Protein chains: 2
Amino acid sequence: MTKQTIQCPIERTLKQISGKWKSVIIFRLLEHPRCRFNELQKLIPECSRRMLALQLKELEHDGLISKTVYPVVPPKTEYSLTERGKKLKPVIEGLQEWGRIN
Amino acid sequence: MTKQTIQCPIERTLKQISGKWKSVIIFRLLEHPRCRFNELQKLIPECSRRMLALQLKELEHDGLISKTVYPVVPPKTEYSLTERGKKLKPVIEGLQEWGRIN
DNA sequence: CAGAATCCACCAGGATACTG
DNA sequence: CAGTATCCTGGTGGATTCTG
């Protein structure tokens, strides 16, 4: 988990979404709800498997996404945004929009 | 400057505002336009002078803030948001708001 | 006052290999 | 398939000192 400093709300938000791949993961999950691990991998090929796992774990810990594990062989998991995570939509779109026109 | 990866607009935005202190600096400059170096220091006491200087330099390089240097002794500088930087206001407020209620 | 320079510790993250 | 485990390196950021 990232370092401990004084926390104003902006910082808390950024801590939760600005991990190296978090914003992209959230963005992908907004357009592709219910993604499997490997699907996310393909959607974000520059992100290593290790990093993807780490970031997903943090996002889950922060309650932004939830993981469903199907007890089948071979393993199958699905990731989706929680309600809390979905509330980020306008914010993420704001970031997207500003980045697009600037 | 931060590392080079594939750039979707969100990432570009986050790169520019999510340096360790950048969002806070921007936030402070939204409420306190035209701040001197030491004033910012006092507004963000947990940020070291070194870091403040580095972050300000990057923000300036990215065209989010501008620096005015008055040719006086002792030195006097003032930092303020550029137009481009000011456009971040709704985004920053979105981050702030989400962090506040979540 | 407003920084720049230097030194150093730590850890984020890549590459690779292994597993239930 | 969906992850761990381990090893290793470059970069981030703190502390301190110097300067125009």
Side-chain angles (χ1 to χ4, degrees), chain A residues 1-7 11 14-25 28-29 32-62 64-80, chain B residues 1-7 11 14-25 28-29 32-62 64-80:
Chain A
M1 234 81 330
T2 29
K3 216 172 305 169
Q4 177 69 357
T5 53
I6 308 291
Q7 297 272 18
E11 288 181 275
L14 284 175
K15 278 235 172 71
Q16 296 181 49
I17 70 173
S18 71
K20 201 167 186 208
W21 299 102
K22 292 185 185 175
S23 64
V24 191
I25 293 173
R28 293 310 184 190
L29 285 177
H32 304 267
R34 313 207 131 262
C35 262
R36 303 186 58 172
F37 190 86
N38 272 4
E39 288 172 353
L40 280 172
Q41 266 262 81
K42 278 164 200 158
L43 290 172
I44 318 171
E46 321 84 44
C47 177
S48 70
R49 209 174 331 138
R50 172 188 139 88
M51 265 296 105
L52 185 54
L54 286 177
Q55 301 283 61
L56 285 172
K57 196 176 292 181
E58 289 194 18
L59 285 169
E60 191 191 0
H61 171 268
D62 286 338
L64 295 181
I65 67 175
S66 63
K67 168 160 77 164
T68 311
V69 181
Y70 297 91
V72 297
V73 180
K76 170 175 176 178
T77 59
E78 271 184 352
Y79 292 91
S80 37
Chain B
M1 235 81 324
T2 31
K3 216 173 303 169
Q4 177 69 357
T5 54
I6 308 291
Q7 298 273 17
E11 289 182 273
L14 283 176
K15 278 235 173 72
Q16 297 180 49
I17 71 172
S18 71
K20 200 167 185 207
W21 299 102
K22 292 185 186 176
S23 64
V24 190
I25 293 172
R28 294 311 184 188
L29 285 178
H32 304 267
R34 312 206 132 263
C35 263
R36 304 186 58 172
F37 189 87
N38 273 4
E39 287 171 355
L40 280 171
Q41 266 262 79
K42 279 165 201 160
L43 290 171
I44 319 170
E46 320 83 45
C47 177
S48 70
R49 207 169 340 136
R50 173 187 139 88
M51 266 298 105
L52 185 55
L54 286 177
Q55 301 282 62
L56 286 171
K57 195 178 291 181
E58 287 193 21
L59 285 168
E60 191 190 1
H61 171 267
D62 287 338
L64 295 181
I65 66 174
S66 64
K67 169 160 75 161
T68 312
V69 181
Y70 297 91
V72 295
V73 180
K76 170 175 176 176
T77 60
E78 272 183 351
Y79 292 92
S80 36

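Proteins get letters first, then strands, A, B, ... in listed order; numbering begins at 1 in each. None of the values given here were measured: they were computed from a predicted structure.
For A:Lys20, a side-chain nitrogen or oxygen approaches OP1 or OP2 of C:dG14 to under 4.0 Å. Of the side-chain N and O atoms in B:Lys57, none sit less than 4.0 angstrom from OP1 or OP2 of C:dG3. OP1 or OP2 of C:dG3 lies within a sub-4.0 Å distance of a side-chain N or O belonging to B:Lys67. Of the side-chain N and O atoms in A:Thr77, none sit less than 4.0 angstrom from OP1 or OP2 of D:dC1.
A:Arg36 is linked by a salt bridge (Lys or Arg N to Asp or Glu O under 4.0 Å) to nothing, counting only residues two or more places apart in sequence or in another chain.
A:Arg36 comes within contact range of the sugar-phosphate backbone alone, with a heavy-atom separation under 4.0 Å but no base atom that close. Residue-level contact check: B:Tyr79 touches the backbone only, with heavy atoms under 4.0 Å from sugar-phosphate atoms and none from bases.
For the pair B:Phe37 and B:Leu52, the tightest heavy-atom approach, listed with the atom from each and the gap, is O-CD2, 3.7 Å. Closest approach of B:Ser80 and B:Arg34 over heavy atoms only: CB-N, 3.9 Å. The two residues A:Met51 and A:Ser48 have their closest heavy-atom pair at N-OG, 3.1 Å. Shown here for B:Ile17 and A:Leu14, the closest heavy-atom pair between the two residues is O-CD1, 4.2 Å. Of all heavy-atom pairs spanning A:Leu40 and A:Arg28, the tightest one is CD2-CB, 4.3 Å.
The CZ atom of B:Arg49 sits 17 Å away from the P atom of C:dT6 (whole-angstrom rounding). One atom, CD1 of A:Ile65, and another, P of D:dA2, lie 14 Å apart when rounded to the nearest Å. The CD-C1' distance, from B:Glu58 to D:dG13, rounds to 12 Å in whole Å. To the nearest angstrom, P of D:dC1 lies 11 Å from CD of A:Glu39. Counting to the nearest Å, the C1' atom of D:dA2 and the CD1 atom of A:Ile44 are 15 Å from each other. Between the NZ atom of A:Lys22 and the C1' atom of C:dA12 there is a distance of 13 Å, rounded to whole Å. Here the C1' atom of nucleotide C:dG13 and the CG atom of A:Leu52 are 14 Å apart, to the nearest Å. The CH2 atom of B:Trp21 sits 17 Å away from the P atom of D:dT12 (whole-angstrom rounding).
The side chain of B:Phe37 lies closest to C:dA2, out of C:dA2, C:dG13, D:dG14.
Looking at which nucleotide of DNA chain C each of B:Ala53 and A:Gln55 is closest to, the 5′-most match is held by B:Ala53. Nearest-nucleotide positions on DNA chain C for A:Gly19 and A:Pro75 put A:Gly19 closer to the 5' end. DNA chain D is contacted by both A:Glu78 and B:Arg50; A:Glu78 maps to the nucleotide lying nearer its 5′ end (nearest heavy atom per residue). Each of A:Leu54 and A:Pro74 lies near DNA chain D, and the nucleotide nearest A:Pro74 is the one positioned closer to the 5' end.
Rotation axes derived from the C1' atoms of the five outermost pairs at either end of the helix from C:dC1-D:dG20 to C:dG20-D:dC1 lie 50° apart, to the nearest 10°.
In this structure, B:Lys76 is positioned above the aromatic face of B:Tyr70, its NZ or CZ under 6.0 Å from the six-membered ring centre and within 45° of the axis.
Taking a cutoff of 4.0 Å between a charged side-chain nitrogen and a carboxylate oxygen, A:Lys22 and A:Glu58 qualify as a salt bridge.
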